[in-house]
Enquirer: 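I have a structure I would like to understand better, so I am pasting it below and will then ask my questions one at a time.
Lettering of chains follows the sequences in order, A, B, ..., and the numbering in each one begins at 1. No experiment lies behind these values; they were computed from the predicted model shown.
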Amino acid sequence: QKEVEQDPGPLSVPEGAIVSLNCTYSNSAFQYFMWYRQYSRKGPELLMYTYSSGNKEDGRFTAQVDKSSKYISLFIRDSQPSDSATYLCAIYPGSGSARQLTFGSGTQLTVLP
Amino acid sequence: GAGVSQSPRYKVAKRGQDVALRCDPISGHVSLFWYQQALGQGPEFLTYFQNEAQLDKSGLPSDRFFAERPEGSVSTLKIQRTQQEDSAVYLCASSLVQGNTEAFFGQGTRLTVV
């Protein structure tokens, strides 16, 4: 079982729709949960990160973590064509010797005008 | 510079050739990471440096892969005797402090082995 599983998509929605992107993870020791956006032929760009459980909001984006079910989500409100990209969830232990991110496989999102 | 810079952006190598990929992290960033991203997949960890010290190389897939950061700034990822399965995008990321909560990625080097 992979440490992070991400709904593969691809996902295609009309402009203005609410988008829900989801991941599950297996190791309860992870403490930081990130969402990256990656445009075609570019490097990943950090959108937001959450420590432990709860919600975090930044403009049209909301990240949600449920540590009891090991489930992380990103919601995009009022989606725009410029949101079309691949979204990657990532987890980070926050303690111990490991320093790297573990990524999901990404969900490709297309927002149609 | 303003961001993480990687060169070359694209590299085509014949099978068996050696390649060297360069990463210029953001100035002053202590931590530097290399990731490999296959088509349609998320990045996978290769190796981690804190300043010039390579603290974790557990993700390097074989002894053909070698990375260095001799002066604690620029890093080079070298792949010897390239194989077709090495074809991927190689991403470099840096962060200001230890750890990786706010890592900045470069645009990557797309390696194609023919």
Enquirer: In the structure I gave you, are the side-chain heavy atoms of B:Tyr35 and A:Gln100 within less than 4.5 Å of one another anywhere?
Expert: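 Yes, their side chains come closer than 4.5 Å.
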
Enquirer: A:Phe103 versus B:Phe45: any side-chain heavy-atom pair under 4.5 Å?
Expert: no

Enquirer: Taking all heavy atoms of A:Leu88 and all of B:Gly42, pick out the closest pair and write down the distance.
Expert: CD2-CA, 3.8 Å

Enquirer: Is atom CD of B:Glu71 surrounded by more than 12 heavy atoms (other residues, nucleotides or ligands) closer than 6.0 Å?
Expert: no

Enquirer: Report, as yes or no, whether the 6.0 Å neighbourhood of atom CD on B:Glu44 holds more than 12 heavy atoms from other residues, nucleotides or ligands.
Expert: no

Enquirer: Do the side chains of A:Tyr49 and A:Phe61 join up, straight or via other hydrophobic residues, at under 4.5 Å, putting them in one cluster?
Expert: no

Enquirer: Does any non-hydrogen side-chain atom of A:Gln38 lie less than 4.5 Å from one of B:Phe105?
Expert: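 A side-chain contact is absent here, since even the closest heavy-atom pair is not under 4.5 Å.
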
Enquirer: Honestly curious: do B:Leu21 and B:Phe66 fall in one hydrophobic cluster under the side-chain, below-4.5 Å linking rule?
Expert: no

Enquirer: If you count heavy atoms of other groups shown closer than 6.0 angstrom to CZ of B:Arg15, is the number above 12?
Expert: no

Enquirer: Roughly how far, to the nearest 0.5 Å, is the CD atom of A:Glu45 from the CD atom of B:Gln107?
Expert: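 Between B:Gln107 CD and A:Glu45 CD, I get 11.0 Å after rounding to 0.5 Å.
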
Enquirer: For B:Gln6, is it the side chain, the backbone, both, or neither that has a heavy atom closer than 4.5 Å to a heavy atom of chain A?
Expert: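 Contact with chain A involves no heavy atom of B:Gln6 at all.
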
Enquirer: Rounded to the nearest 0.5 Å, how far does CD of B:Gln41 lie from OG1 of A:Thr86?
Expert: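 Reported value, rounded in 0.5 Å steps: 11.0 Å.
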
Enquirer: Please report the interatomic distance OG(B:Ser95) to CG(A:Leu101), rounded to the nearest 0.5 Å.
Expert: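 Reported value, rounded in 0.5 Å steps: 9.0 Å.
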
Enquirer: What heavy-atom pair brings A:Arg41 and B:Arg9 nearest, and what distance separates the two atoms?
Expert: O-NH2, 3.1 Å

Enquirer: Answer yes or no: are there more than 12 heavy-atom neighbours, outside A:Lys67 itself, under 6.0 Å from its atom NZ?
Expert: yes

Enquirer: The criterion is ring pair (Phe, Tyr, Trp, His ring centres under 6.0 Å); which residues satisfy it with A:Tyr51, sequence neighbours excluded?
Expert: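 A:Tyr51 satisfies ring pair (Phe, Tyr, Trp, His ring centres under 6.0 Å) with A:Tyr32 only.
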
Enquirer: Would A:Ile72 and A:Tyr92 show up in the same hydrophobic cluster when neighbours are defined by side-chain heavy atoms closer than 4.5 Å?
Expert: no

Enquirer: Please give me the minimum heavy-atom distance between A:Gly43 and B:Leu91, naming the atom from each residue.
Expert: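 Looking at all heavy atoms of both residues, the closest pair is CA-CD2, 4.1 Å.
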
Enquirer: Of the backbone (N, CA, C, O) and the side chain (C-beta and beyond), which part of B:Tyr90 lies under 4.5 Å from a heavy atom of chain A, both, or neither?
Expert: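 For B:Tyr90, no heavy atom lies under 4.5 Å from chain A.
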
